[in-house]
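Worksheet for the structure shown next.
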Amino acid sequence: MVKEKLLKCIQQAVSDTQQEGCIPLAILPDINIERPKDLRHGDYATGLPLKLARISGISPLEIAKRIINHLSLPEEIDNAVAAPPGFINFTLSDKWLCQQVSVILNADKSYGDTNLGSNTYIQFEFVSVNPTGPLHIGHGRGAVLGSTLANIFTSAGYKVEREYYLNDTGNQINIFGTSLYARYQQCLGKEADMPINGYFGNYMTALARKIISEHGEKFLQLSQQEAITQLTKIGMEKIVQGIKQDLQLLKVDFDVWYSEKDLYHNGQYQQAMEKLQQRGYITKRENATWFESSVLGEDKDNVLVRSDGSPTYFASDIAYHHSKFLQRKFDRVIDIWGADHQGHVPRMKAVLKALSIDPERLSVILCQLVTLRRGKEVIKVSKRSGDVITLREVIDEVGTDACRFFFLSRSADSQMDFDLELAKKQSVDNPVYYIQYAHARIASILRLANEKHIAYDEGDLSLLSTKPELSLIRCLTFLPETIENVVDTLQPQYLTYYSQELATLFHSFYKQCRVVSQDEALTKARLKLVRASQITLAKTLRLMGMTVPETM
RNA sequence: GCGCCUGUGGCUCAGCUGGAUAGAGCGCAGCCCUGCGGAGGCUGAGGUCGCGGGUUCGAAUCCCGCCAGGCGUACCA
């Protein structure tokens with residue numbers, strides 16, 4: 001990429017400058033190349049001279065000039081100028097920019113793809129909601145984030161796996177089962193108490209009724225334990241089915257649904273515990289089994305097996321990560337969790353250390369919580385307490401594309417209000433439609449060209465010379481580094497903002513530059529640019545998991 | 001109490017590995033269809049970047065303190 005080339009070129013120039021004594025020998029600070037916000041400052045810039053000035057005592061502008069004298073610029077760069085107070089600004093060559101249009105046309109759907117990941121095997125685990133109730137809005141956030149990152153990493157040359165961890169055993173499942181059994185009995189006119197921490201949501205009663213309509217009263221004949229076992233299985237399957245449907249509605253796919261229960265049958269749990277035991281990280285105390293995370297610098301130890309003999313969620317998760325890293329051998333793992341799991345991060349990292357796995361190989365993205373509201377009214381989304389507005393209802397109300405874009409344009413770090421009233425009100429004037437409209441507009445132009453039988457393969461790109469044209473091309477060339485930026489930071493909002501900018505530049509170009517006109521040569525050149533814009537815009541929309549409309 | 005996250009124009013949010021006059025969308029005030037989709041384009045008003053110190057040639061961005069909100073601090077997940 002241009003940026004890398006430029007970096008090397010600057011390094012060379014600085015080193016030459018130093019050797020010739022134009023800059024006193026000094027420790028070279030990191031060279032950072034940025035994108036100036038202001039177009040007048042070129043396409044790339046470095047403030048290196050300002051840093052060197054501090055060390056050398058020479059004025060930064062003077063240093064900038066000396067470095068520029070030693071620069072041998074790559075073909076992509078037209079010129080380098082020193083700018084006060086001490087920047088070097090680089091401008092892309094118009095000729096090179098125009099050529100990029102055909103680079104994009106040739107790459108077509110693969111434009112933007114890189115080999116940055118060089119096939120690194122990486123797992124994204126996300127959503128992973130307990131199968132004890134429907135998804136709500138907060139889960140949607142993680143789902144959209146995870147699916148988009150997975151798309152982007154795939155494009156960047158990683159070997160990606162998307163996984164949903166199904167917590168199909170343990171405490172919460174037991175409570176789910178007893179809650180369902182109670183509702184089942186109640187629906188059949190029997191007295192039954194809900195467990196204290198039970199799932200009181202209305203959906204549980206609906207679930208019980210559904211089971212009655214399909215299976216009748218037969219579970220009343222069974223022993224309580226047997227009835228609960230069977231109801232748990234049936235109920236959970238239905239819930240999972242619903243979750244799968246909701247995710248599909250949100251355009252979120254998984255490669256693997258990994259069962260927590262399996263960890264206890266496939267040896268992962270035993271192996272992980274044995275390893276920790278052998279390495280001396282396990283101790284028995286107060287009748288429970290503990291992981292001694294405190295010796296690894298944690299605040300406290302954590303329970304692995306309760307005094308009643310049942311393993312904790314933490315213990316499962318250890319086995320689970322054992323499977324990820326040591327059994328399935330992912331090079332990197334990205335877990336996306338809700339912010340309410342933050343306390344879990346340091347102890348998970350401690351476990352990795354204990355298992356001699358570099359903790360750097362695990363990244364945990366914590367999504368801050370989402371508050372759902374309708375105007376001033378805050379809507380609770382707790383599964384246990386009762387009424388829920390499900391993710392499905394939100395999607396039905398707001399739309400998949402708008403939902404996805406809404407989540408993607410906000411940093412995972414910031415808590416957000418999802419105001420249904422606002423989301424709906426804005427849906428017509430939503431940035432999503434602005435971007436999609438640009439694509440539909442492009443499609444329409446290309447349709448027109450097609451109807452007029454204009455073949456533009458031979459269009460002469462050097463005819464593209466006006467500001468709107470060149471600005472648009474510039475933006476097109478930024479896609480690969482935008483993707484790289486997301487890969488580096490795990491923050492997809494760079495892509496959403498990019499797509500918006502691209503749409504803006506296209507609309508502006510469209511207004512100022514008539515594409516299909518009497519000027520045959522110019523028409524062909526511009527059609528090429530339009531097609532390249534379509535390729536690029538469609539790519540960003542696909543990466544974000546949104547529809548790519550030909551018409552609206 | 002301690003830990004993590006957040007506090008940017010009326011609203012919702014970007015920018016936070018320090019850079020050159022602080023950005024976008026919505027909302028608001030105007031302007032633009034005798035040419036390919038007006039779900040569009042253009043112009044403008046609107047901000048002590050929570051507060052106070054510090055580091056630096058330069059701080060919304062880094063450090064310290066304070067204020068406000070969210071989350072965590074379970075033999076819940």
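All figures in this text were calculated on a predicted structure; none of them were measured in a lab. In what follows, every chain begins at residue 1, and chains take the letters A, B, ... in the order their sequences are listed. Side-chain atoms are counted along with the backbone in the values below, which use heavy atoms only and exclude waters and symmetry mates.
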Expressed as a whole number of angstroms, how long is the span from [X]:[atom1] to [N]:[atom2]?
X: Tyr313(A); N: A74(B); atom1: OH; atom2: P; value: 16 Å
X: Leu366(A); N: C4(B); atom1: CG; atom2: P; value: 12 Å
X: Leu505(A); N: G25(B); atom1: CG; atom2: P; value: 12 Å
X: Asn450(A); N: G37(B); atom1: CG; atom2: P; value: 14 Å
X: Lys467(A); N: G41(B); atom1: NZ; atom2: P; value: 15 Å
X: Asp417(A); N: U6(B); atom1: CG; atom2: P; value: 16 Å

Measuring from the side chain of [X] (C-beta onward, heavy atoms only), which nucleotide among [options] has the closest atom?
X: Gln500(A); options: A24(B), C13(B), C75(B); result: A24(B)
X: Ala440(A); options: A20(B), G37(B), C75(B); result: G37(B)
X: Gln493(A); options: G40(B), A14(B), G19(B); result: A14(B)
X: Glu34(A); options: U73(B), G19(B), C76(B); result: G19(B)
X: Tyr433(A); options: C13(B), A39(B), C16(B); result: A39(B)

Between [M] and [N], how far apart are the [atom1] atoms? Round to whole Å, please.
N: C76(B); M: C16(B); atom1: C1'; answer: 35 Å
N: G7(B); M: G50(B); atom1: P; answer: 7 Å
N: U61(B); M: G18(B); atom1: C1'; answer: 6 Å
N: C11(B); M: G47(B); atom1: C1'; answer: 14 Å
N: G54(B); M: C4(B); atom1: C1'; answer: 24 Å
N: G23(B); M: G15(B); atom1: C1'; answer: 7 Å
N: A77(B); M: G65(B); atom1: P; answer: 35 Å
N: G1(B); M: A22(B); atom1: C1'; answer: 38 Å

On the 0 to 90° scale, with breaks at 30° and 60°, tag the Trp257(A)-Tyr164(A) ring pair as parallel, tilted or perpendicular. parallel

Would you please classify the geometry between the Tyr281(A) ring and the Phe291(A) ring as parallel, tilted or perpendicular, with 30° and 60° separating the classes? tilted

Short N-O contact, Glu125(A) and Lys324(A), less than 4.0 angstrom: yes

For the pair Glu469(A) and Arg526(A), find out whether any cationic side-chain nitrogen is under 4.0 Å from an anionic carboxylate oxygen. yes

Are [X] and [Y] near enough that their ring centres are under 6.0 Å apart?
X: His322(A); Y: Tyr269(A); result: no
X: Phe406(A); Y: Phe418(A); result: yes
X: Phe314(A); Y: His344(A); result: yes
X: His439(A); Y: Phe506(A); result: no

Just call it for [X]: base, sugar-phosphate, or nothing, with non-hydrogen atoms closer than 4.0 Å on any strand.
X: Leu448(A); result: sugar-phosphate
X: Glu550(A); result: base
X: Ala288(A); result: base
X: Glu286(A); result: base
X: Asp340(A); result: base
X: Cys367(A); result: nothing
X: Asp308(A); result: nothing
X: Ala438(A); result: nothing
X: Thr289(A); result: nothing

Could you tell me whether the side chain of [X] has a donor or acceptor atom within less than 3.5 Å of a complementary atom in the base of [N]?
X: Asn89(A); N: A20(B); result: yes
X: Gln415(A); N: G69(B); result: yes
X: Ser307(A); N: C75(B); result: yes

Taking only residues two or more places apart in sequence, or in another chain, which ones meet Tyr456(A) in a ring pair (Phe, Tyr, Trp, His ring centres under 6.0 Å)? none

Kindly say if [X] contacts the phosphate of [N], meaning a side-chain N or O under 4.0 Å from OP1 or OP2.
X: Ser508(A); N: C42(B); answer: yes
X: Arg306(A); N: A77(B); answer: yes
X: Tyr510(A); N: C42(B); answer: no
X: Thr504(A); N: G40(B); answer: no
X: Tyr434(A); N: G37(B); answer: no
X: Lys37(A); N: A20(B); answer: yes

Who passes salt bridge (charged side-chain N to carboxylate O under 4.0 Å, His left out) against Asp417(A), sequence neighbours left out? Arg373(A)

For the base of A20(B) and the side-chain ring of Phe87(A), does the geometry meet a stacking cutoff of under 5.5 Å between centres and under 30° between planes? yes

Tell me whether the ring of His41(A) lies stacked over the A20(B) base, given a 5.5 Å limit on centroids and a 30° limit on the plane angle. yes

Please compare Ile175(A) and Ala83(A) by the position of their nearest nucleotide in RNA chain B and report the one closer to 5'. Ala83(A)

Hey, which of these two, Ala503(A) or Ile88(A), hits RNA chain B nearer its 5' end, going by closest nucleotide? Ile88(A)

Enumerate, atom names and distances included, each donor-acceptor pair closer than 3.5 Å involving a side-chain atom of residues 295-306 of chain A, sequence neighbours excluded.
| from | atom 1 | to | atom 2 | distance (Å) |
| --- | --- | --- | --- | --- |
| Asp301(A) | OD1 | Ser293(A) | N | 3.3 |
| Asp301(A) | OD1 | Ser294(A) | N | 3.0 |
| Asp301(A) | OD1 | Ser294(A) | OG | 2.6 |
| Asp301(A) | OD2 | Arg285(A) | NH2 | 2.7 |
| Asn302(A) | OD1 | Ser293(A) | OG | 3.0 |
| Arg306(A) | NH1 | Ser310(A) | OG | 2.9 |
| Arg306(A) | NH1 | Pro311(A) | O | 3.2 |

Residues in residues 342-354 of chain A with a heavy atom under 4.0 Å of RNA chain B, by number, are Gln342(A), Gly343(A), Arg347(A)

Contacts of Ser444(A) meeting side-chain contact (heavy atoms from CB on, under 4.5 Å) (sequence neighbours excluded), chain-then-number -> Arg447(A)

Write down the protein N/O and nucleotide N/O pairs, taken from nucleotides 29-34 of chain B, whose separation is under 3.5 Å; answer none if there are no such pairs.
none

